[in-house]
S.K.: 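I'd like to ask some things about the structure below.
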Amino acid sequence: MIAVIAPTVPNMSFSSHYSTIEVQCKLFSEINPHRLYTSSPFVSSIFSSSSKRKVLPRIASSSASPILDEPTKPVKSTSETALILIRHGESLWNQKNLFTGCVDVPLSHTGVEEAIEAGRRISNIPIDLIYTSSLIRAQMTAMLAMTQHRKKKVPVVVHKENDRAIAWSRIFSKNTTEEVIPVMTAWQLNERMYGELQGLNKKETADKYSKQKVHEWRRSYDIPPPNGESLAMCAERAVAYFKEQIEPQLVAGKNILIAAHGNSLRSIIMHLDKLTSQEVIDLELSTGIPMLYIAKGGKIFRRGSPTCPRTVGVYAFTSSLARYRQQLDNMDG
Ligand SMILES: O=C(O)[C@H](O)COP(=O)(O)O
């Protein structure tokens, strides 16, 4: 049997978009597909997060090529820019307490809600450019968060994997292009590769190898899990990508959102906050909580976590953020 799901209308509001997909999922809930083919991993992920079946759709991608994007020219030269970091919302494997690493698992229903809540918290902060890992849980988080942004610009994934991808995704309207936020996907921002722990239950693994050993694998700086990446190895690619691709954009005046993972973000935060390999052991990141940094005068300062969209404190952090919020308020009348 072949079941076909057509995409929802692109400019539908998020709630109607999501509930339309949920209705489709309910209609198909008695079918247990052996394979799922999609042009949109995002749709397939919502499909899986709303179904009760045990077999998860994994994304098998034929193109594994890394995307290294050249920084675009700065659009403005303000002296202050925002950098928001979000660890993806809860995934279906976080929910099951399984080591996930580079396995491409979608968000759970809770994760979808966390991503939307994260979006509410940052809905008044300017965003010009989005970076996500190449994994669907980070991409879903970024896209769902952006449905809440008051500016209503449209996040569009930039495809540069080959000449055809570049040519076929071209936009032919200057006005439309101005209403777009480019989304760059980069494997370098992926979760640390968890080696032979991927797919294992975290508690059972601690029972087998001892809590201390598993804590070392999960939190130490330079002890890798069996055949996987240590935080230091993960930092080598994630921090290098941050320095080469993201920092120049930030310094050049772009406000940036990064949606990534517990360990790729731990390594970037270690770099930003100048943490030692001892201090990073205690750095834990919750799912779906945005963290705000401000880049100013060539330095990047941590400004805390926006707790709700209307929190006065967050927008009083800097005069630029306060002005931006005022503009949004004026636009809404
Ligand atoms: O890959 C995973 O299992 C999680 O996303 C991060 O896991 P950790 O908290 O064990 O590093």
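Numbers here simply count residues along the sequence, with the first being 1. Just follow the structure's listing: the first ligand is 1, and inside any ligand the first atom is 1. Basis for what follows: all heavy atoms, side chains included, without hydrogens, waters or symmetry-related copies. None of the values given here were measured: they were computed from a predicted structure.
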S.K.: Stepwise, does the side chain to side chain contact (heavy atoms under 4.5 Å, CB included) test hold for Lys243 with His271?
M.R.: CA-CA 10 Å; Lys243 285 184 184 165; His271 160 68; 3.3 Å; yes
S.K.: Give me the one residue out of Ile258, Ile294, Ile125 that meets side-chain contact (heavy atoms from CB on, under 4.5 Å) with Leu83.
M.R.: Ile258
S.K.: Could you go through Lys296 and Glu80, starting from their C-alpha distance and side-chain angles, then the distance that decides it, and tell me whether this counts as salt bridge (Lys or Arg N to Asp or Glu O under 4.0 Å)?
M.R.: CA-CA 5 Å; Lys296 199 173 181 180; Glu80 189 180 286; 3.5 Å; yes
S.K.: Yes or no on side chain to side chain donor-acceptor pair (under 3.5 Å) for Asn190 and Ser134, after CA distance, side-chain angles and deciding distance?
M.R.: CA-CA 6 Å; Asn190 281 7; Ser134 64; 3.1 Å; yes
S.K.: Taking Tyr131 as the fixed residue, which of Ile256, Leu85, Val183, Leu257 is the one that meets the side-chain contact (heavy atoms from CB on, under 4.5 Å) rule?
M.R.: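 Running side-chain contact (heavy atoms from CB on, under 4.5 Å) over Ile256, Leu85, Val183, Leu257 with Tyr131 returns exactly one hit, Ile256.
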S.K.: With respect to atom 8 (P) of ligand 1, which of Tyr194, Trp93, Phe99 exhibits the smallest heavy-atom separation?
M.R.: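 Among Tyr194, Trp93, Phe99, the closest heavy atom to atom 8 (P) of ligand 1 belongs to Tyr194.
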S.K.: Looking only at protein heavy atoms, which one is nearest to atom 1 (O) of ligand 1, and what is the separation?
M.R.: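 For this ligand atom, the closest protein heavy atom is Gly101 N, 2.7 Å.
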S.K.: Which of the listed options, Thr287, Thr100, Leu285, holds the heavy atom that is closest to atom 3 (O) of ligand 1?
M.R.: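 Residue with the shortest heavy-atom distance to the ligand atom: Thr100.
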S.K.: For ligand 1, which atoms, with element, lie under 4.0 Å from some heavy atom of Arg219?
M.R.: 8 (P), 9 (O), 11 (O)
S.K.: Could you tell me whether some N/O pair between Glu191 and ligand 1 is separated by less than 3.5 angstrom?
M.R.: yes
S.K.: For ligand 1, is Gly262 a contact, meaning one of its heavy atoms is under 4.0 Å away?
M.R.: no
S.K.: One residue to check: His261. Relative to ligand 1, which of side chain, backbone, both or neither has a non-hydrogen atom less than 4.0 Å away?
M.R.: neither
S.K.: Using heavy atoms and a threshold below 4.0 Å, how should the contact between Lys202 and ligand 1 be classified: side chain, backbone, both, or neither?
M.R.: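 Only the side chain of Lys202 comes within reach of ligand 1.
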S.K.: Set out, in order, the CA-CA distance, both residues' side-chain angles and the distance that settles salt bridge (Lys or Arg N to Asp or Glu O under 4.0 Å) for Arg237 and Glu229, then state yes or no.
M.R.: CA-CA 11 Å; Arg237 54 171 165 91; Glu229 285 183 306; 2.5 Å; yes
S.K.: Determine whether Asp329 and Arg150 satisfy the following criterion, salt bridge (Lys or Arg N to Asp or Glu O under 4.0 Å), listing intermediate values before the conclusion.
M.R.: CA-CA 9 Å; Asp329 288 349; Arg150 291 178 68 200; 2.9 Å; yes
S.K.: Under 4.0 Å, counting heavy atoms only: does Leu98 come that close to any atom of ligand 1?
M.R.: yes
S.K.: Would you mind telling me if ligand 1 is within reach of the side chain of Glu284, the backbone, both or neither, using heavy atoms under 4.0 Å?
M.R.: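 Neither part.
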S.K.: With a cutoff of 4.0 Å, is Arg87 in contact with ligand 1, counting heavy atoms of the residue only?
M.R.: yes
S.K.: To which protein heavy atom is atom 10 (O) of ligand 1 closest, and what is the distance rounded to 0.1 Å?
M.R.: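 Answer for atom 10 (O) of ligand 1: Arg218 NE, 2.6 Å.
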S.K.: Does the gap between the ring centers of Tyr209 and Trp217 come in under 6.0 Å?
M.R.: yes
